[in-house]
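As a basis for the values below, the full set of heavy atoms in this structure was taken, side chains included, without hydrogen atoms, waters or symmetry mates. Order of the sequence lines sets the chain letters (A, B, ...), proteins ahead of strands, with each chain counted from 1.
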2 protein chains.
Amino acid sequence: MSVRSLCLAILSFGDATGYEIRKESTEGRFSYFEDASFGSIYPALARLEAEGMVTVREEPQAGKPARKVYSITEAGRTEFINSLCEPQAADTFKSPFLLIALNAAQLPPGVIRRALERRKAQVQEELRLLTSCEEGQECSHPGSSWTRDYGLACMNFTLAYLEEHGDALIKIAEDAARPLPAAAE
Amino acid sequence: MSVRSLCLAILSFGDATGYEIRKESTEGRFSYFEDASFGSIYPALARLEAEGMVTVREEPQAGKPARKVYSITEAGRTEFINSLCEPQAADTFKSPFLLIALNAAQLPPGVIRRALERRKAQVQEELRLLTSCEEGQECSHPGSSWTRDYGLACMNFTLAYLEEHGDALIKIAEDAARPLPAAAE
DNA sequence: CGTGACATGTAACGCGTTACATGATTAA
DNA sequence: TTAATCATGTAACGCGTTACATGTCACG
């Protein structure tokens with residue numbers, strides 16, 4: 001999915017500025033789909049406006065540059081919905097953590113421990129994010145709840161698995177670190 | 001993770017040709033880390049050779065171009081292990097499927113059904129891949145088993161969740177498709 | 001007889017990231 | 001006072017993809 005579609009997706013849930021879109025795409029609910037940086041969002045927004053997919057309204061602020069609040073138009077909404085109807089790319093999961101796990105026997109136990117802790121912290125953070133959006137805002141939206149529950153279930157499962165089987169992974173590294181266990185008479 | 005590291009990672013598990021590396025990175029065990037195409041793999045391999053991280057041995061074949069089998073060197077192995085020791089990027093999950101789920105109420109039920117079936121098929125395929133590697137080859141490697149079991153557990157959970165809650169998602173789309181249910185007296 | 005797997009490689013192109021440019025306000 | 005948050009935007013650069021170029025063999 002391109003940054004263009006990401007902008008349309010986020011704006012279909014409500015008006016936003018470029019700055020806010022970036023936040024949602026890196027930290028918020030939309031981090032599941034794509035994370036984009038300013039350098040791609042601002043040009044994409046400008047292009048979408050030129051094409052009539054969004055409109056802008058400028059809100060001047062003292063000191064800061066004016067907030068440019070974007071709204072999706074009917075044309076934009078139509079394009080977005082249509083794009084969802086045609087076949088999507090497959091889901092992907094990229095895990096530097098699993099690469100470390102795969103090579104556990106070749107790595108110092110400390111590295112494994114840190115990687116495990118880091119991964120757990122990441123999952124907990126995502127969990128926190130998911131539950132925090134439960135209370136606030138416009139989360140009464142039906143698709144939102146389903147998606148949130150799905151994410152919650154997967155994250156909880158992952159966390160439990162890591163908690164239960166993490167030690168086994170550390171043990172792999174520890175066993176390999178002592179290269180001559182048979183020599184221990 | 002760059003294509004460079006991917007090549008090193010795969011070669012650290014055994015010799016391979018560029019063609020095989022590409023297969024492993026798109027279909028095989030290493031699809032968790034990065035998927036690369038020929039256009040990036042061949043140049044990366046050439047560079048790695050120039051830097052002494054890998055060596056090549058050419059195996060001429062009748063008709064086909066000679067297989068160029070790459071082996072990792074000590075220097076390459078060291079670089080790879082060192083790269084794993086320093087902080088890695090966070091794991092990412094990108095899901096076009098969840099974007100469809102999020103917008104279930106705005107989409108035709110048929111689209112939701114297809115997306116669900118597609119996602120389930122994908123998970124089943126990954127499951128099949130994971131179990132097939134269980135039997136064959138050099139999977140007695142300890143990190144491999146842990147990683148495989150982790151993948152298996154997550155995929156099984158995901159599949160079960162989709163099977164159990166998929167209907168609820170379809171219902172969201174169906175309910176929204178009939179826009180005036182209150183009018184049904 | 002055509003499609004797909006095997007097998008390597010280059011060149012053009014696109015997309016997105018990083019770094020830069022600017023600047024006020026607020027919390028530690 | 002120093003870092004972080006808010007706020008927009010551009011330009012250079014890197015990395016990877018897509019398409020091209022070439023050719024054999026096996027299977028249906």
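- Axis orientation changes by 50° from one end of the helix from C:dC1-D:dG28 to C:dA28-D:dT1 to the other, with each end axis drawn from 5 pairs and the value rounded to 10°.
- Between the CZ atom of B:R22 and the C1' atom of C:dA5 there is a distance of 11 Å, rounded to whole Å.
- What separates CG of A:D35 from C1' of C:dG16 is a distance of 11 Å, to the nearest Å.
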Pull out every protein N or O sitting under 3.5 Å from an N or O of nucleotides 7-14 of chain C, one pair per line with the distance.
{"residue": "C:dA7", "atom": "OP1", "partner": "B:Q61", "partner atom": "OE1", "Å": "3.4"}
{"residue": "C:dA7", "atom": "OP1", "partner": "B:R67", "partner atom": "NH1", "Å": "3.3"}
{"residue": "C:dA7", "atom": "OP2", "partner": "B:R67", "partner atom": "NH1", "Å": "3.3"}
{"residue": "C:dT8", "atom": "OP1", "partner": "B:K68", "partner atom": "N", "Å": "3.1"}
{"residue": "C:dT8", "atom": "OP2", "partner": "B:Y19", "partner atom": "N", "Å": "3.0"}
{"residue": "C:dT8", "atom": "OP2", "partner": "B:Y42", "partner atom": "OH", "Å": "3.0"}
{"residue": "C:dT8", "atom": "O5'", "partner": "B:Y42", "partner atom": "OH", "Å": "3.4"}
{"residue": "C:dG9", "atom": "OP1", "partner": "B:K68", "partner atom": "NZ", "Å": "2.5"}

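- The CD atom of A:E24 sits 14 Å away from the P atom of D:dA7 (whole-angstrom rounding).
- The CD1-P distance, from B:I21 to D:dG16, rounds to 14 Å in whole Å.
- For A:A36, counting side-chain heavy atoms from C-beta on, the closest listed nucleotide (C:dT17, D:dT17, D:dC6) is C:dT17.
- Distances from the side chain of A:K23 to the nucleotides D:dG16, D:dT18, D:dC6 place D:dC6 closest.
- Between B:Y19 and the options B:Y70, B:F38, B:Y42, a ring-ring contact (aromatic ring centres under 6.0 Å, His included) holds for only B:F38.
- A donor-acceptor pair shorter than 3.5 Å can be found between the side chains of B:S2 and B:S5.
- Note: B:F157 and A:Y161 fail the aromatic proximity criterion, with ring centroids not under 6.0 Å apart.
- Classification of A:E125 and A:R128 as a salt-bridged pair holds, one side-chain N sitting under 4.0 Å from a carboxylate O.
- The residues B:E174 and B:K171 are annotated as not salt-bridged, no charged nitrogen and carboxylate oxygen being separated by less than 4.0 angstrom.
- A salt bridge is defined here as a Lys NZ or Arg NE, NH1 or NH2 lying under 4.0 Å from an Asp or Glu carboxylate O, and A:R4 with A:E51 meets this definition.
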